[in-house]
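Note sheet for the following structure.
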Amino acid sequence: MSKIESLYRDFLQNQESQSLKRELIPAFHPSSREIIVADKTYLNFSSNDYLGLSKHPLSVKRANEYAEKYGAGAGASRLVTGNLDLFKTIEDKIAHFKKKEAALVMVSGFQTNASVLPAVFDKKILRQDALVFSDKLNHASMHVGCNAAGVSQIRYRHNDMAHLAELLEKHKNDNAPKFILTESVFSMDGDIAPLDKIYELAKAYDCFTIIDEAHATGVLGENGSGLAHGADLVIGTFSKAFGAFGAYVACSKILKNYLVNKCSGLIYATALPPATLGSINAALDLVPAMDKERAYLQNMAQTVRNEIQNLHFDCGESMTQIVPLIIRSAKNTILVSDMLKENKIWASAIRPPTVPANGARIRFAFSAAHTQNDVDHLIENLKKLKTLHHNQGAIS
Ligand SMILES: Cc1ncc(COP(=O)(O)O)c(C=O)c1O
């Protein structure tokens with residue numbers, strides 16, 4: 001082993017000793033509600049396939065049709081030869097869906113935050129350093145984007161509007177362009193940012209708002225169109241409720257044109273493959289009419305939240321299809337995840353740095369594909385957990 005590799009090995013050993021080592025586990029999804037691992041079938045309560053669209057016949061059919069017609073790959077960046085005519089159709093639909101002037105399809109949600117944010121915060125264009133006020137629990141990809149932009153974020157306590165107001169007030173005489181950056185639905189907590197208050201503060205302190213709707217798009221708001229219609233720039237993905245892959249920004253025409261000229265993730269990346277565009281296009285046709293599934297989904301999450309609270313466990317401020325069972329210790333979270341697995345429930349342990357130190361949890365994510373029996377089975381096992389907790393103090 002080289003000296004350099006031994007440093008990586010030391011890191012892995014250290015992660016393991018703290019119950020933080022991650023593994024890639026081969027899996028198969030026979031449906032949107034199940035997962036097969038090592039020949040065992042589990043109920044899948046960890047997927048972001050919130051509407052079960054990854055297996056929808058129309059999404060799969062259109063993916064196949066587009067692959068047949070256009071081939072397996074786009075061949076180049078959208079600015080070179082990869083801008084298939086399909087993009088315009090899809091972008092028009094997204095702009096309409098998100099009630100914005102324009103939309104731009106991107107390669108993935110992570111890559112969008114990592115490359116759109118540096119373009120938007122570009123110091124040369126803004127002619128000075130941007131001041132970026134960001135929620136402490138923003139997704140890793142937003143930090144990557146801020147770091148790439150070279151901005152040092154001014155971070156406010158999670159969803160704490162008094163703290164945001166205090167920080168804005170402190171910087172009110174600074175002439176720098178100001179941005180507020182948040183998720184609308186937080187990925188690991190399932191709670192919702194107080195968007196009206198954010199817009200109010202943005203107006204009072206002349207800030208540009210950027211909101212990541214990864215976990216709201218398709219699931220919340222009118223026709224599933226999300227919650228952040230008042231934002232200046234909306235970022236979202238097709239990898240979650242849309243059951244596909246890829247991402248988008250929705251914004252003004254000027255900003256779209258600016259990104260086409262400035263965003264590295266668009267300029268230097270091969271366009272999404274046709275099959276993926278097929279699934280996205282199908283989902284854009286399906287999602288607006290899925291109110292029944294959305295209501296079912298939120299009801300199911302509420303039932304489980306009620307149960308978690310009755311058992312005196314902690315599910316934080318969850319209000320959506322994402323319901324955490326906050327355990328705190330990484331080791332105990334793995335114990336709980338393993339116990340659930342023994343009972344055919346796949347619910348992954350989420351550990352730091354994905355969540356803050358001492359914030360390890362099981363993150364339950366529900367899907368409209370789950371049945372009442374699936375939820376009953378989960379609740380039964382949460383009750384069993386209570387007994388385990390009493391006997392071993394597994395959940396602190
Ligand atoms: C808030 C948020 N933004 C962006 C992403 C990245 O999206 P994608 O998985 O499409 O790359 C995620 C994924 O988990 C997310 O939770």
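For ligands, and for the atoms within them, numbers begin at 1 and follow the listed sequence. We use all heavy atoms of the structure for the numbers below, so side chains are in, but hydrogens, waters and symmetry mates are not.
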Q. Does the distance from a Lys or Arg side-chain N to an Asp or Glu carboxylate O, for Lys99 and Glu222, drop under 4.0 Å?
A. yes
Residues passing the side-chain hydrogen bond (donor to acceptor under 3.5 Å, both in side chains) test with His139, sequence neighbours excluded, are Ser141
Tracing side-chain contacts under 4.5 Å among Ile, Leu, Val, Met, Phe, Trp and Tyr outward from Phe28 reaches Ile36
### Query
Salt bridge or not for Glu380 and Lys383, using N-O below 4.0 Å?
no
Do Tyr50 and Glu293 pair up side chain to side chain, a donor and an acceptor below 3.5 Å, judged on atom types alone? no
Near ligand 1 (heavy atom, under 4.0 angstrom), the protein residues are Ser108, Gly109, Phe110, Asn113, His139, Ser141, Glu183, Ser187, Asp212, Ala214, His215, Thr237, Ser239, Lys240
Quick note, ring pair (Phe, Tyr, Trp, His ring centres under 6.0 Å) partners involving residues 320-360, not counting sequence neighbours, are Tyr42-Trp346
